[in-house]
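Down below is the structure, laid out as structure tokens.
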Amino acid sequence: MQWTLVVPLKPLAHAKSRLSDTAADGLRPSLALAFAQDTVAAALACPAVGDVAVVTDDGLAGRELAALGAWIVGDEPGGGLNGALAHAAAVVRAGRPDRRVAALNADLPALRSAELSRVLNAAAEFPRAFLADAAGVGTTLLAARSGQELLPAFGTDSRARHRASGAVELRLDGVDSVRQDVDTGRDLRAALRLGVGPRTAAATARLAAPGQ
């Protein structure tokens, strides 16, 4: 059974403010969109993924990600990230109640489809499971098997919060591309070392010496 991935994306004008040390204000929206495009493209190429639902109210992002094959869910009820993810999971399950659902960060520009498959196949063994980010504090993926609520708890210290909620932490080696989200210049340099997708590569080419 394949998964539906739910990918949240805030309005591009407000995205990636912590990249201010690396990218000027005018470039951050295009970087955020490029990250999301490469994330969604890799997710859609993953054999374990049936489809991708992007949760956003950003018109440009919605059009660009729909063009890749994602479907767009409005950011409702407007109560923040976890509320939006819970709403999107409910939308998915309304039409397909037995669907496996996983929330995936939109800022994984080095994402490899094969590594994502490994994570999702491991997650299928548990009612709810999550993968910690590269920093070991946050979460990049939260998965719920059919019949289980997603119960997202993203935000500060989400690794500890998801563990406390009863989700099983997936401890896998060799899935760095699924862990490496990008919030800061340091994160971006780490993603570039892993090898980013084509849209992020083009966007970062416009930065002045991104490693300096």
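Because only heavy atoms are used, hydrogens play no part in the values below, and waters and symmetry mates are left out as well, while side chains stay in. The first residue in the sequence is number 1, and the count goes up from there.
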Verdict with supporting geometry, Arg161 and Phe154, side-chain contact (heavy atoms from CB on, under 4.5 Å)
CA-CA 8 Å; Arg161 293 166 67 190; Phe154 288 87; over 6 Å; no
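- Within the 3.5 Å criterion, the main-chain N or O of Pro109 finds no donor-acceptor partner in the side chain of Thr200.
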Evaluate side-chain contact (heavy atoms from CB on, under 4.5 Å) for Leu9 paired with Asp58, printing each intermediate quantity in order.
CA-CA 8 Å; Leu9 182 62; Asp58 190 286; 5.7 Å; no
N/O donor to acceptor pairs below 3.5 angstrom from side-chain atoms of residues 130-137, sequence neighbours left out:
from, atom 1, to, atom 2, distance (Å)
Asp133, OD1, Ala135, N, 3.2
Asp133, OD1, Gly136, N, 2.9
Asp133, OD1, Val137, N, 3.1
Asp133, OD1, Gly138, N, 3.1
Asp133, OD2, Gly138, N, 3.1

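- Here the straight-line distance linking atom CG of Leu65 with atom CG of Leu33 works out to 6.0 Å at 0.5 Å rounding.
- Across Val40 and Ala70, no two heavy atoms sit closer than the pair CG1-CB, 4.0 Å.
- Note that OG of Ser165 and CD of Glu149 are 12.0 Å apart. Values are rounded to the nearest 0.5 Å.
- Across every non-hydrogen atom of Gln2 and Arg100, the tightest pair is O-CB, 4.1 Å.
- Looking at Glu64 and Leu12, their side chains never come closer than 4.5 Å, going by heavy atoms from C-beta outward.
- Within the 4.5 Å cutoff, side-chain heavy atoms of Val119 are placed close to those of Leu170.
- Under a hydrophobic-cluster definition in which Ile, Leu, Val, Met, Phe, Trp and Tyr are linked whenever side-chain heavy atoms come within less than 4.5 Å, directly or via other members, Val196 and Leu116 are assigned to different clusters.
- For the side-chain contact (heavy atoms from CB on, under 4.5 Å) test with Val52, the passing option among Val7, Leu104, Thr4 is Val7; the others fail.
- Residue Asp187 holds its CG atom at 8.0 Å from CG of Asp107, rounded to the nearest 0.5 Å.
- In terms of heavy atoms, Asn121 sits closest to Ala48 at OD1-CB, 4.2 Å.
- The shortest heavy-atom contact between Arg179 and Thr140 is O-CG2, 3.4 Å.
- No path of Ile, Leu, Val, Met, Phe, Trp and Tyr side chains, each step under 4.5 Å between heavy atoms, connects Val92 with Val49, placing them in separate hydrophobic clusters.
- Within the 3.5 Å criterion, the main-chain N or O of Asp57 finds no donor-acceptor partner in the side chain of Asp75.
- Separation of atoms CZ (Arg118) and CZ (Arg112) is listed at 14.0 Å; rounding is to 0.5 Å.
- In this structure, the separation between CG on Leu188 and CZ on Phe35 is 5.0 Å, given to the nearest 0.5 Å.
- For Ser158 (side chain) and Ala153 (main-chain N/O), no donor-acceptor pair under 3.5 Å exists by modelled atom type.
- Taken from CG in Leu141 to CG in Asp181, the straight-line distance is 11.5 Å, to the nearest 0.5 Å.
- Listed here is the closest heavy atom pair of Arg93 and Val101: NE-CG2, 3.7 Å.
- Leu192 and Val178 fall into different hydrophobic clusters, defined by Ile, Leu, Val, Met, Phe, Trp and Tyr side-chain heavy atoms under 4.5 Å apart, directly or through other members.
- No path of Ile, Leu, Val, Met, Phe, Trp and Tyr side chains, each step under 4.5 Å between heavy atoms, connects Leu81 with Val54, placing them in separate hydrophobic clusters.
- Taking 4.5 Å as the limit, every side-chain heavy atom of Leu108 sits out of range of all side-chain heavy atoms of Glu115.
- No path of Ile, Leu, Val, Met, Phe, Trp and Tyr side chains, each step under 4.5 Å between heavy atoms, connects Leu142 with Leu120, placing them in separate hydrophobic clusters.
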Take Leu31 and Thr204 through the test side-chain contact (heavy atoms from CB on, under 4.5 Å) and record every step on the way to the result.
CA-CA 7 Å; Leu31 276 175; Thr204 55; 3.8 Å; yes
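- Asp38 is linked by a salt bridge (Lys or Arg N to Asp or Glu O under 4.0 Å) to Arg199, counting only residues two or more places apart in sequence or in another chain.
- Summarising the geometry of Gln37 relative to Leu68, their closest heavy-atom pair is O-CD1, 3.5 Å, with the distance given to 0.1 Å.
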For Val91 and Trp71: C-alpha separation, side-chain torsions, deciding distance, then whether side-chain contact (heavy atoms from CB on, under 4.5 Å) applies.
CA-CA 12 Å; Val91 169; Trp71 53 291; 4.0 Å; yes
